[in-house]
Each structure stands twice: as structure tokens, then as C-alpha cells.
**Student:** 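The following block contains the structure, expressed as C-alpha cells.
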Amino acid sequence: MKKLKWISMLAIISLLLAACGSDGASDGASGGDTSSGDDSSSQSIVFGTGGTSGAYYAIGGSLKPIFEESDSIGNVTVESTGASVANIQNITDGLNQMAIVMSDVAYDAVEGKGQFEGNKVEVQALAGMYQNVVQVVAMSDSGIKSIEDLKGKKVGVGQVGSGVEQSAKKVLEAAGLTYDDLEKVTHTGYADSVQEMKNGTLDAAFFTSGVPNSNITDLMQQNDVSFVEIKGDLADKLMEKYPFYKTFTIESGDEAKYNLDSKVETVGIQNMLVVSKDVSEDTVYDLTKRYYDYLGTDAVAVAPLKEVNRDEMAKGLIAPLHPGAKKFYEEKGLLE
């Protein structure tokens with residue numbers, strides 16, 4: 001009997017120890033869950049850009065590690081998209097939390113115009129970026145000295161529905177011209193427009209891009225061309241009706257920018273970094289600060305970002321600032 005009692009006591013002790021071990025294992029799992037909960041406070045960002053060969057995508061790649069340094073960000077996925085219109089739609093649908101867009105598209109979205117007719121979209125800005133510059137290039141023997149001189153000429157206006165064509169139409173409109181006033185209208189991309197100019201079948205063409213445009217540089221290597229300025233009353237009229245345009249000067253003597261003999265005054269459309277309104281104020285504040293600080297370093301590698309004046313990047317924006325970005329700019333004294 002004593003032996004049986006001893007065995008029973010051993011069995012009970014074993015059960016108690018097993019129970020304690022089970023509790024310990026539960027505590028360990030709970031600890032893992034808590035850690036996972038802490039990680040969930042870091043947000044994942046899908047960054048909408050553009051085509052993989054374009055500037056938007058390159059900028060997204062350069063900003064990815066900068067933004068990932070934030071304690072608020074788990075990771076940044078740089079996504080190739082159809083650019084501005086698609087990016088705004090993706091933010092609306094919750095597919096992107098950040099994107100690069102052109103101000104003319106953002107203006108239409110905010111105002112419910114153009115491609116967003118009757119369907120206003122809430123777009124919030126984080127910062128302004130570089131400008132896509134309207135560059136009108138004419139063959140020197142064409143006699144074209146002004147936008148008005150395009151009347152009766154053969155002109156490339158960009159592919160149908162492109163940002164280039166939208167700018168071409170607006171500039172012509174400001175000068176009192178339409179396609180009907182031109183001898184020939186060609187809807188071609190940059191490379192094809194340049195080839196036609198080389199062949200003598202186009203007198204001039206519109207290019208809306210960063211400066212320099214490699215296609216224009218190619219044209220200038222073996223051909224005499226002139227830049228047609230958009231300035232004075234023409235620029236004022238354009239900017240009054242379409243506030244997303246800003247003045248831009250292509251300086252002379254800059255080998256990285258066509259090495260012109262004299263400066264060219266024209267207009268450009270600013271690109272913007274936009275964010276979803278669902279991203280927290282603290283997170284956007286931190287991202288804005290990191291973007292601002294990055295622009296002040298020698299680490300900026302993508303050429304268009306080198307064009308950004310960081311002390312001007314909160315001014316003249318078409319879309320309202322996200323509260324987090326606004327807070328940062330107010331603290332830095334950068335708001336107008």
C-alpha cells in the first residue's frame with residue numbers, strides 16, 4: 001500500500017510539472033504575439049510611380065531606402081503604374097498609399113474636371129517636385145520665332161491623350177490657335193517627332209518633360225534648331241486659366257541643359273508627391289522631414305530631384321497639404 005501511495009504521489013507531481021510546462025509554453029507564444037503586435041505598428045507603403053524606364057520609377061527607387069529609415073514604415077514597395085491618373089485612382093481605391101503625379105492631373109482630380117469630370121477626388125500633397133517643362137523646338141529654317149508663328153506650319157503635338165498633347169492644346173489656345181490653324185498635325189512620340197524633323201516633314205514639335213530631353217539633344221547634334229519661348233502675356237494668360245503652370249527658365253551656358261547661347265523662358269507643370277489621407281499625421285510628418293533632409297545632401301542621384309529647391313517645395317501646390325506635411329512646413333517656416 002505504501003508503495004502504491006508513493007507511485008500515486010509521483011504521478012500527481014508529474015502532472016503538476018507538466019501543467020506548469022504547458023503554462024510556460026503558452027507564455028512564450030503570447031510573448032511572440034505581442035512582438036508581432038508591435039511590428040504591426042509599422043506601416044507598409046505601396047509607392048505608385050510610372051513606367052519602369054521613366055523618371056517616376058527611378059525616383060521611387062531612390063526614395064525607398066530613405067522612407068524605410070522611418071520607424072513608422074515597415075517597408076516601401078515601389079510599383080510601376082500607368083502614372084498620374086492611375087496613381088490617383090489607386091490611392092482612392094486604397095491600392096497605393098503614396099504616389100507621384102503631375103499637377104495638371106491632380107488639378108483635374110481636385111476640381112472634378114477633365115478625366116475626373118463630375119467625380120472630385122480627395123488628393124493630399126506631401127511635397128512639390130521638379131517640373132515637366134513645355135519645350136517647343138523648331139527647325140531654324142522654318143521661320144518660327146513665336147507660338148503664333150506655328151500657324152500654317154507642320155507641328156508634332158505628342159501622342160493622342162498624352163500630357164504632351166494636353167499642353168500643346170492649351171498653349172495653342174492661349175495664342176488663339178487650334179489644330180485647324182496648322183498645316184499638319186502629327187500625333188507622335190518624342191523619337192518619331194525628332195525623326196520627322198530630321199526628315200523635313202515637321203517644322204516644330206512639342207516636348208513636355210524634364211530638362212534636358214535626350215531626344216532634343218539628339219536633334220541638336222546635327223541640326224540647327226531654336227526654342228520657341230512661352231513668356232509675357234502668353235504665359236500670363238496660360239497660367240491664369242490653368243494655375244498648375246509655373247514659369248521656368250532654361251539657363252544659357254549650361255552643358256547639362258543644351259548649352260544654349262541665350263536663356264529660354266517657358267512654362268512647366270510641377271510634379272508632386274501625394275499621400276493617402278489614411279496615412280497618419282505623425283508618419284507623413286516624418287516622411288516629409290526625411291524627404292526634405294535628403295534633398296539637402298549630396299546623396300541625391302536621380303537628375304530630376306537635383307532640380308528641386310527644397311525650400312520651395314511647399315509653395316504653389318494644386319492639392320491641399322496632408323496635415324502631417326503641413327505641420328512640418330509650418331515648423332520650418334516654408335509656407336507662403
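Note that the coordinates shown come from a computational prediction; the quantities given were computed from them, not determined experimentally.
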**Student:** So which pairs with a foot in residues 192-219 pass salt bridge (Lys or Arg N to Asp or Glu O under 4.0 Å), sequence neighbours left out?
**Tutor:** K154-D203, K184-E196, K198-D218

**Student:** Within the 3.5 Å criterion, strictly below it, is a donor on S193 or T188 matched to an acceptor on the partner's side chain?
**Tutor:** yes

**Student:** Would you mind writing out the side-chain donor-acceptor pairs for residues 260-270 within the sub-3.5 Å range, not counting sequence neighbours?
**Tutor:**
residue : atom : partner : partner atom : Å
T266    : OG1  : V134    : O            : 2.7
Q270    : OE1  : K246    : NZ           : 3.0

**Student:** Just checking, is any N or O donor in the side chain of Y242 or E173 under 3.5 Å from an acceptor N or O on the other one?
**Tutor:**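 Result is yes, a qualifying pair exists.
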
**Student:** Is it the case that over 12 heavy atoms from other parts of the model lie below 6.0 angstrom from the CG atom of D224?
**Tutor:** no

**Student:** Going by heavy atoms in the side chains, are M129 and M313 under 4.5 Å from each other?
**Tutor:**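 No. Closest side-chain heavy atoms not under 4.5 Å.
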
**Student:** Spell out, as yes or no, whether a donor-acceptor pair under 3.5 Å connects the side chain of D286 to the backbone of D282.
**Tutor:**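 Checked: no pair found.
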
**Student:** To the nearest 0.5 Å, how far apart are CG in D236 and NZ in K241?
**Tutor:**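 D236 CG to K241 NZ: 15.5 Å, rounded to 0.5 Å.
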
**Student:** Of all the heavy-atom pairs spanning G60 and T49, show the shortest one and how long it is.
**Tutor:**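 It is CA-CG2, 4.0 Å.
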
**Student:** Are any side-chain N or O atoms of K153 and backbone N or O atoms of S142, one a donor and one an acceptor, separated by less than 3.5 Å?
**Tutor:**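 Checking the backbone N and O of S142 against the side chain of K153, a donor-acceptor pair under 3.5 Å is found.
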
**Student:** Output the distance between atom CZ (F67) and atom CG (N75), rounded to the nearest 0.5 Å.
**Tutor:**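 Taking CZ in F67 and CG in N75, the distance rounds to 14.0 Å.
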
**Student:** Between F47 and T77, is a side chain to side chain contact (heavy atoms under 4.5 Å, CB included) present by the stated rule, with each step listed?
**Tutor:** CA-CA 6 Å; F47 190 167; T77 300; over 6 Å; no

**Student:** Would you say I66 ends up clustered with V76 if hydrophobic residues are merged whenever their side chains have heavy atoms under 4.5 Å apart, either directly or through other cluster members?
**Tutor:**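 Yes, same cluster.
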
**Student:** Please determine whether side chain to side chain contact (heavy atoms under 4.5 Å, CB included) holds for the pair D181 and T178, giving the CA-CA distance in whole Å, both sets of side-chain angles, and the decisive distance to 0.1 Å.
**Tutor:** CA-CA 6 Å; D181 296 307; T178 67; 3.5 Å; yes

**Student:** Keeping the roles fixed (side chain from T81, backbone from A83), state whether a donor-acceptor pair exists under 3.5 Å.
**Tutor:** yes

**Student:** Specify the closest pair of heavy atoms between L273 and I100, including all atoms of both residues, with the distance to one decimal.
**Tutor:**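 Minimum heavy-atom separation between L273 and I100: CD2-CG1, 4.0 Å.
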
**Student:** How about N132 and S209: does a side-chain donor come under 3.5 Å of a side-chain acceptor?
**Tutor:** no

**Student:** Find out whether S276 and Q124 are in side-chain contact, i.e. whether some heavy atom of one side chain is under 4.5 Å from a heavy atom of the other.
**Tutor:** no

**Student:** Other residues, nucleotides and ligands only: do more than 12 of their heavy atoms fall within 6.0 Å of NZ on K64?
**Tutor:**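 Counting other residues, nucleotides and ligands, NZ of K64 exceeds 12 neighbours.
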
**Student:** Rounded at 0.5 Å granularity, tell me how far CD in E68 sits from CD1 in I45.
**Tutor:**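 Rounded to the nearest 0.5 Å, the CD-CD1 separation comes out at 10.5 Å.
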
**Student:** At their closest point, which heavy atom of Y245 faces which heavy atom of S167, and how far apart are they?
**Tutor:** OH-OG, 3.2 Å

**Student:** Would you indicate whether the side-chain heavy atoms of V137 and F207 approach each other to under 4.5 Å?
**Tutor:**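 SC-SC contact between F207 and V137 confirmed.
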
**Student:** Stepwise, does the side chain to side chain contact (heavy atoms under 4.5 Å, CB included) test hold for K169 with V157?
**Tutor:** CA-CA 8 Å; K169 284 183 175 179; V157 297; over 6 Å; no

**Student:** Apply side-chain hydrogen bond (donor to acceptor under 3.5 Å, both in side chains) to residues S252 and Y258 and explain how you reach the verdict.
**Tutor:** CA-CA 8 Å; S252 61; Y258 309 124; over 6 Å; no

**Student:** For the side chain of T297 and the backbone of Y294, is there at least one donor-acceptor N/O pair under 3.5 Å apart?
**Tutor:**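 Present.
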
**Student:** Looking at G50 and S80, what are the two nearest heavy atoms and their distance?
**Tutor:** O-OG, 2.8 Å

**Student:** Once rounded to the nearest 0.5 Å, what's the spacing between atom CD1 of I250 and atom CD of E229?
**Tutor:**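 Going from CD1 on I250 over to CD on E229, the span is 9.0 Å.
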
**Student:** Do the rings of H187 and Y179 sit parallel, tilted or perpendicular, given the 30° and 60° boundaries?
**Tutor:** perpendicular

**Student:** Could you check L172 against L182 for side chain to side chain contact (heavy atoms under 4.5 Å, CB included), going step by step and ending with a plain yes or no?
**Tutor:** CA-CA 10 Å; L172 291 170; L182 309 180; 4.2 Å; yes

**Student:** Tell me whether D93 contacts the main-chain N or O of L95 through its side chain, where contact means a donor paired with an acceptor under 3.5 Å.
**Tutor:**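 No, the answer is negative, given that no donor and acceptor are paired below the 3.5 Å cut-off.
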
**Student:** I'd like to check E307 versus K257 (side-chain heavy atoms, cut-off strictly below 4.5 Å). Are they in contact?
**Tutor:** yes

**Student:** Who passes side chain to side chain contact (heavy atoms under 4.5 Å, CB included) against K145, sequence neighbours left out?
**Tutor:** D149

**Student:** Do the non-hydrogen side-chain atoms of E165 and Q159 ever get within less than 4.5 Å of each other?
**Tutor:**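 Contact flag for E165/Q159 side chains = no.
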
**Student:** Between R310 (side chain only) and Y292 (backbone N and O only), is there a donor and an acceptor less than 3.5 Å apart?
**Tutor:** yes

**Student:** Check the pair K315, E312 against salt bridge (Lys or Arg N to Asp or Glu O under 4.0 Å), reporting the backbone distance first and the verdict last.
**Tutor:** CA-CA 6 Å; K315 298 179 180 179; E312 296 289 325; 3.6 Å; yes

**Student:** State, yes or no, whether a side-chain contact exists between Q135 and I216 at a heavy-atom distance under 4.5 Å.
**Tutor:** yes

**Student:** Could you tell me whether D233 and K237 make a salt bridge, using a distance below 4.0 angstrom between a side-chain N and a carboxylate O?
**Tutor:** no

**Student:** Among residues at least two apart in sequence or on other chains, which ones pass side-chain hydrogen bond (donor to acceptor under 3.5 Å, both in side chains) with E183?
**Tutor:**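 Per chain and number, E183 pairs via side-chain hydrogen bond (donor to acceptor under 3.5 Å, both in side chains) with no residue.
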
**Student:** With clusters defined by side-chain heavy atoms of hydrophobic residues (ILVMFWY) lying less than 4.5 Å apart, directly or transitively, does V46 cluster with V85?
**Tutor:** no

**Student:** Is any side-chain heavy atom of V228 less than 4.5 Å from a side-chain heavy atom of F206?
**Tutor:** no

**Student:** Donor-acceptor pairs under 3.5 angstrom involving side-chain atoms of residues 321-330: please list them, not counting sequence neighbours.
**Tutor:**
residue : atom : partner : partner atom : Å
H322    : ND1  : G324    : N            : 3.0
H322    : NE2  : V279    : O            : 2.8
Y329    : OH   : L126    : O            : 2.7

**Student:** State whether a side-chain donor-acceptor pair under 3.5 Å links N215 with N213.
**Tutor:** yes

**Student:** Is a side-chain donor-acceptor pair under 3.5 Å present for N87 with Y56?
**Tutor:** no

**Student:** Is there a side-chain contact between V136 and I147 in this structure, where contact means two heavy atoms from C-beta onward sitting under 4.5 Å apart?
**Tutor:** yes

**Student:** Let me have the donor-acceptor pairs involving side chains of residues 104-117, under 3.5 Å, with sequence neighbours excluded, atom names and distances please.
**Tutor:**
none

**Student:** Nearest 0.5 Å, please: how far is CD1 in I59 from CG in N271?
**Tutor:**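 It comes to 7.0 Å.
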
**Student:** How long is the straight-line distance from CG of L219 back to CD of Q195, given to the nearest 0.5 Å?
**Tutor:** 10.0 Å

**Student:** Looking only at the side chains, is there a donor atom on one of N96 and E79 sitting less than 3.5 Å from an acceptor on the other?
**Tutor:** yes

**Student:** Please check: side-chain N/O of S72 versus main-chain N/O of T283, any donor-acceptor pairing under 3.5 Å?
**Tutor:** no

**Student:** Looking at Q97 and S44, what are the two nearest heavy atoms and their distance?
**Tutor:**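 Residues Q97 and S44, closest heavy atoms: OE1-O, 3.7 Å.
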
**Student:** If you take all heavy atoms of S140 and S226, which pair is closest and at what distance?
**Tutor:**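 That closest heavy-atom pairing would be OG-N, 3.9 Å.
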
